[in-house]
Structure formats: structure tokens, C-alpha cells
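One is the number of the first residue; the rest follow in order along the sequence.
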Amino acid sequence: MRHQQHSIFDQIEKNTNVKQDDLLKLVQSLNGADFKDENTVRKVIGDVAKLAGKNVSRKQEDDLVKAIMNNNVPLDLASLSKWFQSK
């Protein structure tokens with residue numbers, strides 16, 4: 001299992017240029033996060049955008065906050081990809 005986890009992180013790093021340590025810190029910060037709290041959700045969006053090196057407009061942030069707080073984010077990769085392309 002350890003080798004499989006390592007290769008998953010290698011693949012993520014290769015595709016996103018996000019270092020394993022940074023990703024693990026992000027995941028750890030999400031543990032126990034209250035996704036019904038708007039300030040928490042906005043902070044997470046900012047952290048993820050910064051980590052990914054992406055700018056998120058205020059409208060995109062507002063749309064993401066609304067979707068996350070309403071539990072309206074698709075969980076399968078195909079739907080999630082389509083959802084982000086439509087934003």
C-alpha cells in the first residue's frame with residue numbers, strides 16, 4: 001500500500017507540480033474543517049488556489065462557496081471535470 005500511495009503522489013506531483021508535502025499539509029488542514037462555515041470554505045478555496053498557482057475571481061469563489069456549502073459539488077471525476085469547465 002505504501003508503494004501505491006507513493007506512486008499516486010508522484011503522479012499528482014507530475015500532473016500538477018504540487019509537492020507531496022504541500023498536498024499532505026493541505027489535506028491535514030482540511031481534517032475536521034467546517035464546510036458549513038463560509039469563512040472556512042473561502043480560506044480552503046484560497047489555499048487550494050495558491051497551492052495550484054491559480055487565480056480565482058470573486059465570482060468563481062462565490063460560486064464555489066455556494067456549491068460547497070450547499071453540498072452541490074459532484075464527487076465523481078467526470079462530473080467534477082464538467083462542473084469546473086462550466087464555471
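- A distance of 4.5 Å separates CG in L30 from CG in L26, rounded to the nearest 0.5 Å.
- Partners of T40 by side-chain hydrogen bond (donor to acceptor under 3.5 Å, both in side chains), not counting sequence neighbours, listed by chain and number: D37.
- Among residues two or more places apart in sequence or in another chain, the side-chain contact (heavy atoms from CB on, under 4.5 Å) test is passed with E61 by R42, I45, V56, R58, V65.
- A donor-acceptor pair is defined here as one N or O able to donate and one able to accept, closer than 3.5 Å; no such pair exists between the side chain of N70 and the backbone of N72.
- Evaluation of the side-chain contact (heavy atoms from CB on, under 4.5 Å) rule for K19 yields E13, D22 as partners, not counting sequence neighbours.
- To the nearest 0.5 Å, atom CG of residue D63 and atom OG of residue S57 are 7.5 Å apart.
- Residues meeting the side-chain hydrogen bond (donor to acceptor under 3.5 Å, both in side chains) test with K54, sequence neighbours left out: none.
- Rounded to the nearest 0.5 angstrom, N55 CG and K50 NZ are separated by 12.5 Å.
- When side chains are defined from C-beta on, N71 does not count as touching F35, because their heavy atoms never get closer than 4.5 Å.
- In this structure K25 satisfies the salt bridge (charged side-chain N to carboxylate O under 4.0 Å, His left out) test with no other residue, sequence neighbours excluded.
- In this view, K66 satisfies the side-chain hydrogen bond (donor to acceptor under 3.5 Å, both in side chains) rule with no residue, not counting sequence neighbours.
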